[in-house]
Amino acid sequence: MAKGKNICIDASGVYYKELNEQVRRAVEAGAVSIELTNVRGQRYIAGALDGDLDFLVRGVPGQDLGAFMRGPTIQVLGNCQDGVGNTMDDGRIVIHGMAGDVLGYAMRGGKILVQADVGYRVGIHMKAYEDKNPVIVVGGKAGDFLGEYMAGGAVILLGMNTVMFDAPITGRSLGTGMHGGVIYIRGQVPEHQLGPGLSAQPVDQADLIFLREHIEDFSREFDEDADEILSQDFVKIAPFSHRPYGNMYVGTN
Amino acid sequence: MESALQVKPLSPFFHDFIVERDKEWCINCEVCIRQCSYGVHFWDKAEEFVIHDSSKCVGCHRCAAMCPTKCLTIRTNPMEFRPNAYWTGADIKNLYKQSDTGGVLLSGMGTPLQKRIYWDHLLLDASQVTNPSIDPLREPMETRTFLGAKPDQLEFEETPDGPRLKTEIKPQLTLEFPIMFGAMSFGAINLNLHTAMAKASAETGVMWNTGEGGLHASLYEYGPHTITQVASGRFGVHRDYLNAGAAVEIKVGQGAKPGIGGHLPGEKIDVEVSRTRMVPEGSDAISPAPHHDIYSIEDLLQLIYALKEATEYRMPVSVKIAAVHNAPAIASGVVRAGADLVCLDGFRGGTGAAPTMIRDNVGIPLELALAAVDQRLRDEGIRNHASLIASGGIRNSADVVKAIALGADAVYIGTAALIAVGCTMCGRCYTGKCPWGIATNQASLKKRQNPDQAAARMANLVRAWGHEIQEMLGGMGLNAIESLRGNRDKLRGVNLGQSELDILGVKHAGR
């Protein structure tokens with residue numbers, strides 16, 4: 001086991017339990033920079049880890065990358081499976097590729113940057129709380145139910161780096177049930193793709209400042225031109241109520 | 001939502017309760033005015049005495065209980081509809097409410113409807129002459145219960161100090177009595193009640209469940225007696241929370257409202273609830289019906305192991321499901337997915353708020369589901385892989401004993417624990433105005449529950465039940481709760497049909 005600050009673990013053929021155990025022991029031993037090579041579907045990498053740690057993941061991490069984590073930074077050189085940043089508290093995940101479903105489920109802090117497309121139900125139930133305001137930037141397109149039940153934070157969808165050439169920028173039921181947070185879409189989103197009661201609105205100056213900050217960050221990571229990205233119009237989708245179901249009931253016993 | 005059409009309401013004409021004030025005894029002290037959070041009692045300025053408006057009464061009995069001269073009586077409104085065996089008064093009033101508002105009927109607490117209570121059709125055995133009964137006052141009687149996965153077999157090795165257990169035992173919860181306080185979230189009930197459950201659990205050596213609203217910072221010290229819950233909204237779920245307790249429970253379903261999620265209304269989200277749930281003050285806290293990362297048993301396995309990874313395999317993981325038609329097959333899948341505990345929450349389970357039609361019509365009785373699940377897990381040879389917790393409407397220690405004989409390892413109590421601190425089941429928890437200071441976060445109301453007093457009451461309840469359980473065990477000639485577990489020979493059915501007896505796995509009384 002490494003005693004130094006930087007360690008490299010070859011994940012080839014290592015079962016996820018063993019791999020994650022090795023990572024935890026390395027962190028306990030003082031490692032702050034951890035490179036994982038030949039990652040092929042191992043689950044829960046960097047899960048529930050705390051503090052200022054840097055991960056470099058070479059390969060395709062499995063389900064729930066960075067679940068429950070609070071603080072670490074993860075660079076993934078490859079695609080990701082489902083559940084990236086599940087219930088993540090804080091930290092940063094940068095994916096040089098595509099990612100699967102439910103990315104950022106219930107995340108309440110930190111940032112996830114995805115170079116290309118993402119799957120279904122991304123950003124579902126994201127929350128903002130006190131000084132925490134989670135942000136997801138997706139360079140490609142998204143599947144159905146993007147930002148469903150969203151209660152806070154921001155999703156920025158750029159629709160550029162995609163393999164889903166014929167698909168609209170998001171699937172159906174965009175933002176359905178959202179009662180907090182905001183979804184920004186570059187270009188237009190077909191009205192019928194939006195969840196009930198929602199509409200796409202023009203962005204204002206404050207939105208543009210926010211977008212520039214995060215798109216510049218995205219561009220630095222993926223070597224894109226932020227000005228060019230920002231040269232196209234954006235629309236935003238925000239909730240019509242913080243209490244979308246407030247008047248739905250009549251009390252009895 | 002389409003907004004409701006405005007109409008002149010019908011429902012206020014037919015209120016549920018009548019407040020009777022004995023004018024001879026009333027001293028106009030205004031206690032009733034201060035105690036009632038629904039505005040029933042008020043001061044008549046012209047006449048200069050206290051009067052009331054019965055139409056606002058929810059039947060919680062707080063005013064009558066607190067009245068210093070006992071001059072108040074709350075009765076059900078005797079104004080009866082024309083008798084009809086099919087359309088009950090409750091049906092008619094609900095129809096009025098819905099045509100008034102266009103709203104979905106909403107209820108608090110478990111279903112009050114008359115449905116067969118199988119506990120009451122099951123009777124316990126006792127020893128006579130042979131295998132004599134045991135007196136727990138003078139002889140040892142073991143009620144200690146271990147919850148968690150048990151190994152398929154034990155391996156020992158010889159050492160110079162004698163045989164030593166080689167098999168690694170998975171993490172277990174230790175209970176002094178097979179009774180735990182079930183999941184009721186912070187927000188649905190207030191911190192005084194969470195504090196009370198935590199203290200009562202520590203005092204009596206049992207566990208309490210946080211429910212899905214997180215764990216208040218002041219209660220982390222009770223971690224060894226705490227089961228933290230993770231539901232679809234993931235409120236207040238973070239690494240410290242997961243590691244604070246002795247077990248983690250994934251809430252998939254709830255007996256009072258199988259198949260749907262929850263809405264904690266914004267009014268109940270004050271600064272402390274907001275801080276603990278990690279959501280903004282005043283916004284609704286919406287729990288989706290499913291966990292959107294769980295669409296299959298394989299996905300459930302993924303979350304179970306995400307939690308095991310996050311807690312470094314130091315604690316058991318529980319999965320709570322509602323008792324529904326296919327509960328045995330579902331429970332089998334849950335156990336195979338790696339759950340160490342399975343909580344089965346039955347049709348009678350309580351809630352702070354559920355759509356009435358769902359509460360009253362969805363799900364199956366705990367007794368039947370429990371027996372069927374226990375049998376299925378035995379038939380498949382995986383019963384030892386998980387402990388089984390029965391939940392939903394456990395009323396007394398006899399229900400506990402019967403549940404254990406049907407196959408449960410322990411029970412959760414929720415409603416019973418709230419009744420123990422004053423709840424009268426008026427069923428209006430969703431208003432946030434609970435006059436007994438339970439299902440409310442209003443400062444003026446929640447202070448009605450002193451956490452130390454409430455803890456003492458709950459601890460008294462657990463100890464009283466514990467003693468009764470020992471008496472019943474002793475009567476059956478058993479000296480350990482282990483000997484009762486799944487021992488259906490200790491049960492007989494009365495007034496039950498053959499299918500019911502078959503499912504319960506008990507003989508009819510007389511056989």
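Nothing here was measured: the structure is a model prediction, and the numbers come from that model. As a basis for the values below, the full set of heavy atoms in this structure was taken, side chains included, without hydrogen atoms, waters or symmetry mates. All chains are named by letter (A, B, ...) in the order of the sequence lines, taking the proteins before the strands, and each is independently numbered beginning at 1.
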Between [options], which has the largest tally of heavy atom pairs under 4.5 Å with chain A?
options: Asn243(B), Leu307(B), Asp240(B); result: Asp240(B)
options: Pro355(B), Gly59(B), Ala353(B), Pro288(B); result: Pro288(B)
options: Lys93(B), Arg359(B), Met109(B), Met425(B); result: Arg359(B)
options: Cys429(B), Gly108(B), Ser232(B); result: Ser232(B)
options: Asp100(B), Val279(B), Val58(B); result: Val279(B)
options: Glu267(B), Arg277(B), Lys308(B), Gln98(B); result: Glu267(B)

Given heavy-atom pairs under 4.5 angstrom as the criterion, report whether the side chain, backbone, both or neither of [X] touches chain A.
X: Asn94(B); result: side chain
X: Ser283(B); result: both
X: Tyr295(B); result: side chain
X: His292(B); result: both
X: Arg428(B); result: side chain
X: Tyr305(B); result: both

Do you know which of [options] has the most heavy-atom pairs under 4.5 Å to chain B?
options: Phe68(A), Phe145(A), Tyr129(A), Tyr120(A); result: Tyr129(A)
options: Asp50(A), Asn20(A), Asp82(A), Leu49(A); result: Asp50(A)
options: Ala106(A), Gly251(A), Ala151(A); result: Gly251(A)
options: Gln63(A), Glu148(A), Arg70(A), Glu130(A); result: Arg70(A)

Practice task
Taking the side chain as every heavy atom from C-beta outward, state whether Leu36(A) and Ile45(A) have any pair of such atoms under 4.5 Å apart.
Solution key: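 Leu36(A) vs Ile45(A): side chains touch.
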Problem - Min side-chain heavy-atom separation Thr76(B)-Asp16(B) under 4.5 Å - result: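 A side-chain contact is absent here, since even the closest heavy-atom pair is not under 4.5 Å.
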Practice task
Inspect the surroundings of CD in Glu168(B) and state if more than 12 heavy atoms from other residues, nucleotides or ligands are less than 6.0 Å away.
Solution key: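 No, not enclosed.
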Practice task
State whether the number of non-hydrogen atoms from other residues, nucleotides or ligands found under 6.0 Å of Gln6(B) atom CD is greater than 12.
Solution key: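 Atom CD in Gln6(B) is not packed in, count stays at 12 or less.
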Can you classify the ring geometry of [X] versus [Y] as parallel (below 30°), tilted (30 to 60°) or perpendicular (above 60°)?
X: His238(B); Y: Tyr220(B); result: parallel
X: His179(A); Y: His125(A); result: perpendicular
X: Phe17(B); Y: His61(B); result: perpendicular

Problem - SB check Lys17(A) Glu312(B) (cutoff 4.0 Å) - result: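 Glu312(B) and Lys17(A): not salt-bridged.
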Problem - Nearest heavy atoms of Phe235(B) and Ser287(B), plus distance in Å - result: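 Heavy atoms only, the tightest pair is CE1-OG, 3.5 Å.
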